[in-house]
Trainee: 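The structure follows.
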2 protein chains.
Amino acid sequence: MDKMYKENNLSKNQQIIFDLINKSSEPLKAYTILFSVQKKGIKAPPQVYRALDKLVETGKIHKIESKNAFVACRNSNCEISKATAFSICESCEMVDEINDAKLTKYLTSFSDKKGTKYKRFNLEFFGLCKKCK
Amino acid sequence: MDKMYKENNLSKNQQIIFDLINKSSEPLKAYTILFSVQKKGIKAPPQVYRALDKLVETGKIHKIESKNAFVACRNSNCEISKATAFSICESCEMVDEINDAKLTKYLTSFSDKKGTKYKRFNLEFFGLCKKCK
DNA sequence: TTACATAATGTTATATTATAACAATTTAAA
DNA sequence: TTTAAATTGTTATAATATAACATTATGTAA
């Protein structure tokens, strides 16, 4: 049978779900995604979670842990999600990815009191966004 | 009736659940806690979640967002959980609270490109702990 | 002390988030 | 072209968390 996808490295379900997240202005939850893509034939949670897992793994999206929700990566510098930072508005729930070279460098090179370095971090800032202030 | 608690500022359920988390060497999940405290009369999820919420609110414990689990605060400097940082071992799942004044100061005073400052942050580092390395 | 507001508790049911397990198909590539 | 790996489809269920409501305990102020 003809190949069903090839233009890029995403599979059909991955592409559908990435597109949805990518054009969203806010973090999307797994079941919100599920309901949105049912018309496209994605009918069950495992299909969504598998695509999300892969997209996270490849750095195309990030999971906002404090919200159990997903955003598209806006930052070519966070190679495969080793170093992620977000600002989260406590009022409107808006999430922005922070792309700050100095911050990344500071945290990437951080070592704790025992001298241990870490290969990955996730940082979530909370406050009020410009609109809500 | 006689007052049931007063030695400190925690209620009965809060104290039971705090004690359990405080003496644990690893993060505890809500349902693990629930099973552990059923013999003490705490029988339903809302009782656990309410105590956890209050303990988080007052800074006695922290939630490890990437694990949906809770640890006791080991750091008198993270006043009411405004500035939390943890190291998480990807192999043995061990979690340590990081208490590093420079790090805290750096992140507390961080402002993004638009000049926005944040009133709270949570940082999770991932890597291998000393034992697992 | 009594009366009142607030906080905490107990309880049932249910909502939300996530994975296990297995069969089938598609893809890449040897 | 046949084989391994990745992806998909599907059903069921596990794990995490909250809604809603009734009751009791606690702190405080009249």
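Excluded from the calculations below are hydrogen atoms, water molecules and symmetry mates; all remaining heavy atoms, backbone and side chain alike, are included. As the structure is a prediction and not an experimental result, all values here were calculated from the model. Naming: A, B, ... by sequence-line order, numbering from 1 per chain.
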Trainee: Would you say D/dT26 has OP1 or OP2 under 4.0 Å from some side-chain N or O of B/S11?
Mentor: no
Trainee: Using atom CD1 of B/I17 as one end and atom P of D/dA17 as the other, report the distance to the nearest whole Å.
Mentor: 13 Å
Trainee: Which residues satisfy the side-chain hydrogen bond (donor to acceptor under 3.5 Å, both in side chains) test with B/D53, sequence neighbours excluded?
Mentor: none
Trainee: Can you check the B/L10 CG to D/dT26 P distance for me, whole Å?
Mentor: 14 Å
Trainee: Going by the rule salt bridge (charged side-chain N to carboxylate O under 4.0 Å, His left out), which residues pair with B/K114 if we only count those two or more places apart in sequence or in a different chain?
Mentor: A/D96
Trainee: Would you say a side-chain N or O of B/Q47 is under 4.0 Å from OP1 or OP2 of C/dG10?
Mentor: yes
Trainee: Listed by chain and number, what are the side-chain hydrogen bond (donor to acceptor under 3.5 Å, both in side chains) partners of B/R50, not counting sequence neighbours?
Mentor: none
Trainee: For the helix from C/dT1-D/dA30 to C/dA30-D/dT1, measure the angle between the helix axis at one end and the axis at the other, each built from five pairs, rounding to 10°.
Mentor: 40°
Trainee: A/S111: which residues meet the side-chain contact (heavy atoms from CB on, under 4.5 Å) condition with it, sequence neighbours left out?
Mentor: A/K117
Trainee: Taking side-chain hydrogen bond (donor to acceptor under 3.5 Å, both in side chains) as the definition, give me every residue that meets it alongside A/D100, ordered by chain and number, with sequence neighbours left out.
Mentor: none
Trainee: To the nearest Å, give me how far apart NZ (A/K43) and P (D/dT11) are.
Mentor: 9 Å
Trainee: Ignoring backbone atoms, establish whether A/N13 has a side-chain N or O less than 4.0 Å from OP1 or OP2 of D/dA6.
Mentor: no
Trainee: Could you state the atom-to-atom distance from CD1 of B/I42 to C1' of C/dT12 in whole Å?
Mentor: 18 Å
Trainee: Could you give the CG-to-P distance, from A/N9 to C/dA28, as a whole number of Å?
Mentor: 11 Å
Trainee: Between atom CG in A/L34 and atom P in D/dT11, what is the gap in whole Å?
Mentor: 14 Å
Trainee: My understanding is that only residues two or more places apart in sequence, or in another chain, count here; which of them pass ring-ring contact (aromatic ring centres under 6.0 Å, His included) with B/Y49?
Mentor: none
Trainee: Residues two or more places apart in sequence or in another chain: which of them pass salt bridge (charged side-chain N to carboxylate O under 4.0 Å, His left out) with A/K119?
Mentor: B/E90
Trainee: With side chain to side chain contact (heavy atoms under 4.5 Å, CB included) as the test, would you mind laying out the steps for B/F110 and A/F125 before giving the verdict?
Mentor: CA-CA 10 Å; B/F110 174 82; A/F125 282 108; 3.5 Å; yes
Trainee: List, one per line, each side-chain donor-acceptor pair under 3.5 Å for residues 40-47 of chain B, sequence neighbours excluded.
Mentor:
residue	atom	partner	partner atom	Å
B/Q47	OE1	B/K43	N	2.9
B/Q47	OE1	B/A44	N	2.9

Trainee: Between the main-chain N or O of B/D112 and the side-chain N or O of B/T116, is there a donor-acceptor pair closer than 3.5 Å?
Mentor: no
Trainee: Given atom CD of B/Q14 and atom P of D/dT26, what is their separation to the nearest angstrom?
Mentor: 12 Å
Trainee: Whole Å only: how far is the CD atom of B/Q15 from the P atom of C/dT9?
Mentor: 11 Å
Trainee: What does the B/S/- profile of nucleotides 15-24 of chain C look like, 5' to 3', with a 4.0 Å heavy-atom cutoff to protein?
Mentor: --BBBBB---
Trainee: Could you list by number each residue of residues 18-25 of chain A showing a heavy-atom separation from DNA chain D of less than 4.0 Å, or answer none if no residue does?
Mentor: none
Trainee: In residues 25-36 of chain B, what donor-acceptor pairs under 3.5 Å come from side-chain atoms, sequence neighbours left out?
Mentor:
residue	atom	partner	partner atom	Å
B/K29	NZ	B/K67	O	3.2
B/S36	OG	B/T32	O	2.9

Trainee: Hydrogens and angles aside, do A/N99 and A/E97 bring a side-chain donor and acceptor to less than 3.5 Å of each other?
Mentor: no
Trainee: When you check the phosphate oxygens OP1 and OP2 of D/dT7, does a side-chain N or O of A/K54 lie under 4.0 Å from one of them?
Mentor: yes
